[in-house]
Engineer: 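Below is the structure I would like to discuss, written out as structure tokens.
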Amino acid sequence: MTVGSRPMLDLLSDLGRRAAAALATHLAATGGAVDGLPAELPVVRAGKPEFGDFQISACLQIAKQAKRPPRELAEAVVRGLTGHEALAKIEIAGPGFVNLHLTDGWLANRVAARMSDPRLGLRPVGRDQRVVIDYSAPNVAKPMHIGHIRSTIVGAALHRTLKALAYDVIADNHIGDWGTQFGKLIVAYRRWNDQAAYAADPVTELLRLYVAFSVEEKRERGEVAATATATATATEPATDEEEVQGPAPPILEEARRELVKLQAGDAENHALWQKFIADSRHAFQEIYDRLGVTFDYWLGESTYNGLLPTVVQELRRRGIARDSRGAQVIFFDEQGEVLAAERAPIENAKLPPFIVQKSDGGFNYASTDVATLAIRLGLFGASRILIVTDERQQLHFRQLFAVARRMGVTVPVEHIWFGLMRMAEGTIKTREGNVIHLADLLDEAERRATVAAGEHNPELGDEERRDVGRVVGIGAVKYNDLSKDRQTLVTFTFDKALSLQGNTAPYLQYAYARIRSIVRKSGEAPSPSATVILGDTVERDLARRILAYPEAVETVARTCRPHVLCDYLYELATAFSTFYADHPVLKAEPTLRASRLVLTELTARVLRDGLSLLGIDVLERM
RNA sequence: GCGCGUUUAGCUCAGCUGGAUAGAGCGUUGGCCUCCGGAGCCAAAGGCCACAGGUUCGAAUCCUGUAACGCGCACCA
């Protein structure tokens, strides 16, 4: 490990350990024994500049248990840290906070050292860990719309971030390529397919066919219901709420027959199904290419079909699933754990029943997901599994994870859920109503950004302007989703999604382009051996933020929340802009110029690297 | 009805898992181009952290209620 490759994080651990040791010694001497004193006191960023760079507030928490005054403990901590090479000043403040001030020299040396570190301080914390990440997962025969964008973009960002920390990542696109909709699609395709329209845009035509099916189904259902109510005796109340619906309309019966044929391996239906998948995948790939998103596998739901009978058998054999109303069902207890199959279902179960096989013998999402989990754990040897979907699937995954626990799964399986995208009033409508297709959103983003590029930099040629528009537009869309906590409910508007000011991708890209312009004009490569001078708080603040990069990236990997990295990069860019406003670089005297070039260059490298983890490109000019 | 989630400035959001005087962006108002790219910088105004209790040295953060909104709740995925 080279010096300076992970300065800030190591320093905090070191300080925390020394503080804890000093405190333990003091407590032992004074008889104020405390159970479970941590080996490392938490050292956190100070809330305000006057409180120094970092602070330790643990003395306040420990004081009560130790029955000693907080300030006395703080004094012990101060004694333990006095003389540390990185600390310029240690003070006790308020009721017992310990404020730590780093020396400018320590910061400067560490920043200078980072010039020689191609990883910018990132540590291989994920080494020897295999993570399977499941994201995007669009449904076959449906165009990707703005509801898919968060899973795709958040998932891709996590994918890249984990890889950067040396995790062995397997990205799996679990596309919806199986299910009852294929019976409907086959029927609708045979009845109404418009060959020219299909040839031009298969997925849009498939969506039209699906909608046409629903319309026809509804029409027939109306007719059936009318005759049913006319002949009903009306004296027999329905015993089951779910069964009050009348007999199925003929077209739905037809769809079910086609589905059964497909499942039985009927050659014609199988060929159609394959065609739908291939054409859909082609359309998805176009979007992924524009977004720069990649997968290692596309193991759709159908991948697991052959395993489902065995999965359900196994669940029964192990006393997890049982017969109930003709279906294979798993029940839960008051704690939300699986209820043994020999026990009667209970009233106040924490979770509703989990159906792994329908009463008609068909399998569903639940059994598919059990099989998927088994493959990811067994075949892929995952040591962590991340599934990125919207919030509506929380209950399903709680049920699934309870089943996994019952089956003895101990590796962490996490549902990385995000809030739904909602439409605001007045947004543009597309062909199919109020769904905005992802492709249209990206087109509009690029169009607006291209116009903006032309306004802000008239010197750009047509080709470069379009290139800038593409990178800025796509970046803005991605950043808009990534910069909010993923659990936030988003109300979509073009103006917000494509904003170019404030905490946005274009701001960061602009900061990068400006920096590159300075470095170009310097006519030299910033020197890794230059001495860094931190002359004032502005330069000092910039240095601190540069060094904090690994902390932000590791937080993203741990919590699966990319907005932490967005916030970090925005603060870095802001710190640079402040620095840039009144600290001449090229016109400074030689030693200062060399030092400032290092700060400038490092800011550029961290911005580029951090944005790349988010899947956002940068430009040399814009 | 039950479960999960959300509620912080006019609007959009942070708040590092209990720390000191709650922070940004947009918008508003006022400054900054003889100076490396003004998609920028500096500053001001703007807050009962939904509401009511509780826990403790200390609460936007934890616990209990209440309200509003979002989502889900037996054979869709």
Side-chain angles (χ1 to χ4, degrees), chain A residues 44-48 50-51 55 57-58 60-61 63-64 70 93-97 99 137 139 176 178-181 240-242 301 324-329 336 348 350-360 362-366 368-369 389-396 398 417 419-420 422 449 452-453 455-457 472 480 483-485 487-491 493 495-496 499-504 506-507 509-511 513-522 551-552 555 559 563-564 566-568 570-571 573-574 577-588 596 600 621-622:
Chain A
V44 300
R45 271 200 297 280
K48 295 195 173 282
E50 59 264 37
F51 298 148
Q55 62 174 327
S57 54
L60 293 161
Q61 295 147 23
K64 190 180 184 187
F97 294 104
N99 293 337
N139 285 320
W178 195 249
T180 51
Q181 76 267 28
D240 237 327
E241 289 171 279
E242 303 91 35
E301 290 162 1
S324 173
R325 300 188 206 170
Q328 297 305 314
V329 179
N348 53 343
K350 186 95 177 276
L351 297 169
F354 194 53
I355 296 171
V356 291
Q357 186 175 13
K358 298 186 285 182
S359 53
D360 66 3
F363 299 97
N364 61 4
Y365 188 40
T368 304
D369 270 4
T389 84
D390 73 51
E391 62 179 308
R392 289 174 300 183
Q393 301 195 29
Q394 286 182 84
L395 175 58
H396 167 77
R398 250 196 294 275
W417 63 267
L420 286 173
R422 200 165 50 173
E455 285 169 1
H456 287 286
N457 191 347
V472 170
N480 178 251
S483 61
K484 296 184 206 355
D485 187 288
Q487 301 187 341
T488 311
L489 177 87
V490 170
T491 301
T493 65
D495 285 339
K496 272 187 244 162
S499 166
L500 306 178
Q501 284 158 4
N503 187 0
T504 64
Y507 176 87
Q509 290 166 323
Y510 174 70
R514 261 195 323 186
I515 291 172
R516 294 298 300 158
S517 170
I518 296 169
V519 175
R520 267 198 310 273
K521 284 193 177 144
S522 78
E551 192 185 336
T555 301
T559 63
H563 82 273
V564 172
C566 294
D567 285 353
Y568 165 78
Y570 181 68
E571 283 173 10
T574 303
S577 292
T578 303
F579 162 79
Y580 174 84
D582 54 3
H583 291 66
V585 176
L586 301 181
K587 290 174 183 167
R596 288 179 177 171
T600 302
R621 304 202 312 155
M622 62 186 275

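Lettering of chains follows the sequences in order, A, B, ..., and the numbering in each one begins at 1.
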Engineer: Looking at the side chain of A/Asp567, which of B/C76, B/G19, B/A14 is the nearest nucleotide?
Structural biologist: B/A14

Engineer: Regarding A/Glu301, tell me which of base, sugar-phosphate or nothing describes its non-hydrogen contacts under 4.0 Å with the strands shown.
Structural biologist: sugar-phosphate

Engineer: Pairing of RNA chain B as dot-bracket, 5' to 3': ( ) intra-strand, [ ] crossing, | other strand, . unpaired, with Watson-Crick or G-U pairs under 3.5 Å?
Structural biologist: (((((((..((((.....[...)))).(((((.......))))).....(((((..]....))))))))))))....

Engineer: Specify the separation, in whole Å, of atom CG of A/Asp360 and atom P of B/C75.
Structural biologist: 12 Å

Engineer: A/Asn139 has a side chain; which of B/A77, B/C4, B/A20 sits nearest to it?
Structural biologist: B/A77

Engineer: Within the modelled atom types, does a donor on one side and an acceptor on the other bring the side chain of A/Arg392 and the base of B/C71 under 3.5 Å apart?
Structural biologist: no

Engineer: By nearest atom, which of the nucleotides B/G19, B/G23, B/A14 is closest to the A/Phe97 side chain?
Structural biologist: B/G19

Engineer: Hey, does the side-chain of A/Asn99 have a donor or acceptor N/O within less than 3.5 Å of a partner on the base of B/A20?
Structural biologist: yes

Engineer: Could you check which of B/C75, B/U56, B/C4 has an atom nearest any side-chain atom of A/Gln394?
Structural biologist: B/C4

Engineer: Identify whether any heavy atom of A/Val44 sits under 4.0 Å from a base atom; if not, whether one sits that close to sugar-phosphate; answer base, sugar-phosphate or nothing.
Structural biologist: nothing

Engineer: Touch check for A/Gln61, heavy atoms < 4.0 angstrom, all strands: base, sugar-phosphate only, or nothing?
Structural biologist: base

Engineer: Would you give a per-nucleotide map of nucleotides 39-44 of chain B, 5' to 3', where B means the base has a protein non-hydrogen atom under 4.0 Å away, S means only the sugar-phosphate does, and - means neither?
Structural biologist: BSSS--

Engineer: Just checking A/Ala552: base, sugar-phosphate only, or nothing, at a heavy-atom cut-off of under 4.0 Å?
Structural biologist: nothing

Engineer: For the side chain of A/His563, counting heavy atoms from C-beta on, which of B/C75, B/G15, B/C36 is nearest?
Structural biologist: B/G15

Engineer: Ignoring hydrogens and angles, does a donor from either the side chain of A/Glu571 or the base of B/A24 sit under 3.5 Å from an acceptor on the other?
Structural biologist: no

Engineer: Find the distance A/Ile518:CD1 to B/G38:P and express it as a whole number of Å.
Structural biologist: 9 Å

Engineer: Rounding to the closest angstrom, what is the interatomic distance between B/G54 and B/G15 at atom C1'?
Structural biologist: 24 Å

Engineer: Should B/U17 be called syn or anti, with syn set as within 90° of 0?
Structural biologist: syn

Engineer: If you check every side-chain atom of A/Thr180, which of B/C75, B/C35, B/C76 has the closest atom?
Structural biologist: B/C76

Engineer: For a quick check of understanding: with a heavy-atom distance under 4.0 Å over all strands, which category does A/Pro352 fall into, base, sugar-phosphate or nothing?
Structural biologist: sugar-phosphate

Engineer: B/A14, B/C4, B/C73: which one has an atom nearest the side-chain heavy atoms of A/Lys484?
Structural biologist: B/A14

Engineer: State, yes or no, whether a side-chain contact exists between A/Tyr580 and A/Ile515 at a heavy-atom distance under 4.5 Å.
Structural biologist: no

Engineer: Please pick, from B/U21, B/C57, B/A77, the nucleotide with the shortest atom-to-atom distance to any side-chain atom of A/Lys48.
Structural biologist: B/U21

Engineer: Side chain of A/Arg45, heavy atoms from C-beta onward: which of B/G37, B/C57, B/C16 has the nearest atom to it?
Structural biologist: B/C16

Engineer: Do A/Ser324 side-chain and B/A74 base share a donor-acceptor contact under 3.5 Å?
Structural biologist: yes

